[in-house]
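Shown next, in structure tokens, is the structure this report addresses.
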2 protein chains.
Amino acid sequence: MFKALNDPTRREILELLKEKDLTAGEIADQFNISKPSISHHLDLLRQAGLVVSVKEGQFIYYSLNTTVMDEMLKWIISLQSPKK
Amino acid sequence: MFKALNDPTRREILELLKEKDLTAGEIADQFNISKPSISHHLDLLRQAGLVVSVKEGQFIYYSLNTTVMDEMLKWIISLQSPKK
DNA sequence: AAAGTATTTAGACATTTGTCTATATATATA
DNA sequence: TATATATATAGACAAATGTCTAAATACTTT
């Protein structure tokens, strides 16, 4: 998950999906990167559980899965507790 | 910052520093990794602003700087807002 | 059934990353 | 001052990462 968030392109994809669900092609259109590369990024995001994909005809819609981020939020917040 | 958090060793270092400030050597002792490698990890954490180092005699004490994490918390939380 | 569109898979390649050993720098102590 | 200790820097190297082009798969339309 940290790994999935480590790439600027992937973080931008998440920000796009914040607005609304998009197909792989619509996402790829937003970047100056080849479609196979975007496909690869989407695969990594999916493996990390950060996005979910649903096939609809010949399109594949991607959407955010924010529940997974709770874990990360908790981790970061736990670091902010005061020292002994 | 995402980059700094992407490595398991660096995340563990942050968790150690959560308990109390430690010298570079004390940190290195917790890992099966050479001291120069740990020194490199500490440098990356420092560059990311996640830790602060203070020289005390021949020792260098490292401590957490949690303020930087607020930015990241905000980013993650912003993704969790509902869709249009 | 054939051609077109959407997406993924496969394989290659350059860059980045984490690790190491060897060496350098700075401080402390005998 | 010489030696020991703490830490960092330099340079090498294998593994991981992000990108590409070419080809494959799946669906749609004519």
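A, B, ... follow the sequence lines: proteins, then strands. Residue 1 opens every chain. Computation of the quantities below employed the complete heavy-atom set of this structure, encompassing side-chain atoms and omitting hydrogens, waters and symmetry-equivalent molecules.
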Please examine the side chains of [Y] and [X], heavy atoms only from C-beta on, and report whether any two atoms are closer than 4.5 Å.
X	Y	value
Glu12(B)	Leu16(B)	no
Lys35(B)	Asp29(B)	yes
Pro8(B)	Arg11(B)	yes

Quick one: [atom1] on [X] to [atom2] on [Y], what's the gap to the nearest 0.5 Å?
X	Y	atom1	atom2	value
Glu26(B)	Lys20(B)	CD	NZ	6.5 Å
Met69(A)	Thr66(A)	CE	OG1	6.5 Å
Ile33(A)	Ile13(A)	CD1	CD1	7.5 Å

Closest approach of Leu17(A) and Leu22(A), non-hydrogen atoms and distance?
-> CD2-N, 3.8 Å

Locate the shortest heavy-atom distance separating Ser63(B) from Asp21(B); write the atom from each residue and the value.
-> CB-OD1, 3.1 Å

Please check if the side chain of Arg10(A) supplies one atom and the backbone of Leu5(A) the other of a donor-acceptor pair under 3.5 Å.
-> no

Intermediate values then yes/no, side chain to side chain contact (heavy atoms under 4.5 Å, CB included), Met1(B) and Glu71(B) | CA-CA 10 Å; Met1(B) 162 138 179; Glu71(B) 199 185 319; 5.7 Å; no

Stems in DNA chain C, runs of 3 or more consecutive Watson-Crick or G-U wobble pairs with both distances under 3.5 Å, sorted by first number, are C:1-30 with D:1-30

Reading nucleotides 5-17 of chain C from 5' to 3' and marking B where a protein heavy atom lies under 4.0 Å of the base, S where only the sugar-phosphate is that close, and - otherwise, the string is BSSBB-------S

Leading and trailing nucleotides of DNA chain D with any atom under 4.0 Å from heavy atoms of chain B | dT5(D) to dT9(D)

